[in-house]
2 protein chains.
Amino acid sequence: MSRSNPKVLSTLERAGGFASAQEVYRLMQREGQSIGLTTVYRSLQSLVNDKIVDVLRRDDGEAIYRLCGDAHHHHLVCKGCGDTVEIEGGAIEKWAKTMAEEFGFREVGHTAEIFGLCQRC
Amino acid sequence: MSRSNPKVLSTLERAGGFASAQEVYRLMQREGQSIGLTTVYRSLQSLVNDKIVDVLRRDDGEAIYRLCGDAHHHHLVCKGCGDTVEIEGGAIEKWAKTMAEEFGFREVGHTAEIFGLCQRC
DNA sequence: TCACAAATGAAAATGATTTTCATTTCCATA
DNA sequence: TATGGAAATGAAAATCATTTTCATTTGTGA
Ligand SMILES: [Zn+2]
Ligand SMILES: [Zn+2]
Ligand SMILES: [Zn+2]
Ligand SMILES: [Zn+2]
């Protein structure tokens, strides 16, 4: 195993605590940092092992890395213009927890997103 | 778009209603059915569009297709073995509706999924 | 300084999925 | 029945994220 390159973590933070390996890599490139894509992948994997970040999957299958302990929230996204509202998910948090307990699941996470057409669209 | 090849659906059923495109393809090959991988992918996609199957992601990113009833529901998925439980989402339905109203969104849909480790894993 | 382990990254390999495109199968209508 | 166009098919190539290889560089303690 290898240790995580600290610049990868700080870039993930700067990206809003939520990005794919490719996105972290491109962001670092744009900022003029010299790093290899391989190192980005290895560092993110190492952060996952250390439980410093979570890994989820986008709908298209790309892995996205999420800083743990980040202020957890959900999104309301407009299908028309892409406008996004960050929303509180209290009801969902409870629901996820209840369901997981009921079926004996551990180390539980969840995804939830609402999409529709905003007033302007 | 194209219509689903009926043999793909019946193979998915025979596979226990839960398999990846590659697995459906290999199964059909083994059974001596002549079909192209492309057609398997297209048929599964079409079944997803028609809401006859759900699509989820394995931990490794591979898409798995799952036959499901037409009633709206959500999933509790094991990150370890892929085992899936269909669950009721009453709390979520209400939450999505409330949030959408609050922000004036129309034609609203949502996604929600819980993942963790099941008892055996 | 030296030796050795860890870190790095370019390039190649992998593997699922999508795209291309030429061919075949259907089907409605004359 | 013949025929023209639309839909379906699949082999091969392209795509794209991710992993593996491997040679090189860097760091560190003796
Ligand atoms: Zn909008
Ligand atoms: Zn939540
Ligand atoms: Zn399990
Ligand atoms: Zn729902």
Kindly check if the number of other-residue, nucleotide or ligand heavy atoms within 6.0 Å of CD (A/Glu13) is above 12?
yes

Could you give the CD-to-P distance, from B/Gln33 to D/dG10, as a whole number of Å?
11 Å

Candidates A/Val48, A/Asp54, A/Leu12, A/Val53 - the one meeting side-chain contact (heavy atoms from CB on, under 4.5 Å) with A/Arg66
A/Asp54

With the side chain defined as heavy atoms from C-beta on, B/Thr39 is closest, among C/dT17, D/dT19, D/dT9, to D/dT9

In whole angstrom, what separates B/Lys7's NZ from D/dA8's P?
16 Å

Should the heavy atoms of other residues, nucleotides or ligands under 6.0 Å from CG of A/Asp50 be counted, would the total exceed 12?
yes

Can you classify the ring geometry of B/His110 versus B/His74 as parallel (below 30°), tilted (30 to 60°) or perpendicular (above 60°)?
parallel

Taking for each residue the nucleotide of DNA chain D with the nearest heavy atom, is it B/Arg42 or A/Ala63 whose nucleotide lies nearer the 5' end?
B/Arg42

Under 4.0 Å, heavy atoms only, any strand: does B/Ser34 hit a base, just the sugar-phosphate, or nothing?
sugar-phosphate

Using whole Å, report how far CG of B/Leu44 lies from P of C/dT17.
10 Å

How many whole angstroms separate atom CG of A/Leu56 from atom C1' of D/dA17?
17 Å

What is the distance, to the nearest angstrom, from the CG atom on A/Asp60 to the P atom on D/dT18?
9 Å

Among C/dA10, C/dT19, D/dT18, find the nucleotide with the atom closest to the side chain of A/Gln22.
D/dT18

At under 4.0 Å, does any side-chain N or O of B/Gln45 touch on OP1 or OP2 of C/dT18?
yes

Report the distance from atom CD1 of A/Ile35 to atom C1' of D/dT25, rounded to the nearest whole Å.
15 Å

With a non-hydrogen cut-off below 4.0 angstrom, is A/Ser46 in contact with a base, only sugar-phosphate, or nothing?
nothing

B/Asn5 side chain near D/dT9 phosphate (N/O to OP1/OP2, under 4.0 Å)
yes

In whole angstrom, give the distance that lies between atom CD1 of A/Ile64 and atom P of D/dA17.
14 Å

State which of D/dG10, C/dT17, D/dA17 makes the closest approach to the side chain of B/Leu37.
C/dT17

It should be established whether B/Tyr41 places a side-chain nitrogen or oxygen under 4.0 Å from OP1 or OP2 of nucleotide C/dT18.
no

Roughly how many Å is it from CZ in A/Arg58 to C1' in D/dC16, rounded to a whole number?
13 Å

Before giving the answer on side-chain contact (heavy atoms from CB on, under 4.5 Å), spell out for A/Val24 and A/Tyr41 the whole-Å C-alpha distance, their side-chain angles and the decisive distance to 0.1 Å.
CA-CA 9 Å; A/Val24 168; A/Tyr41 272 103; over 6 Å; no

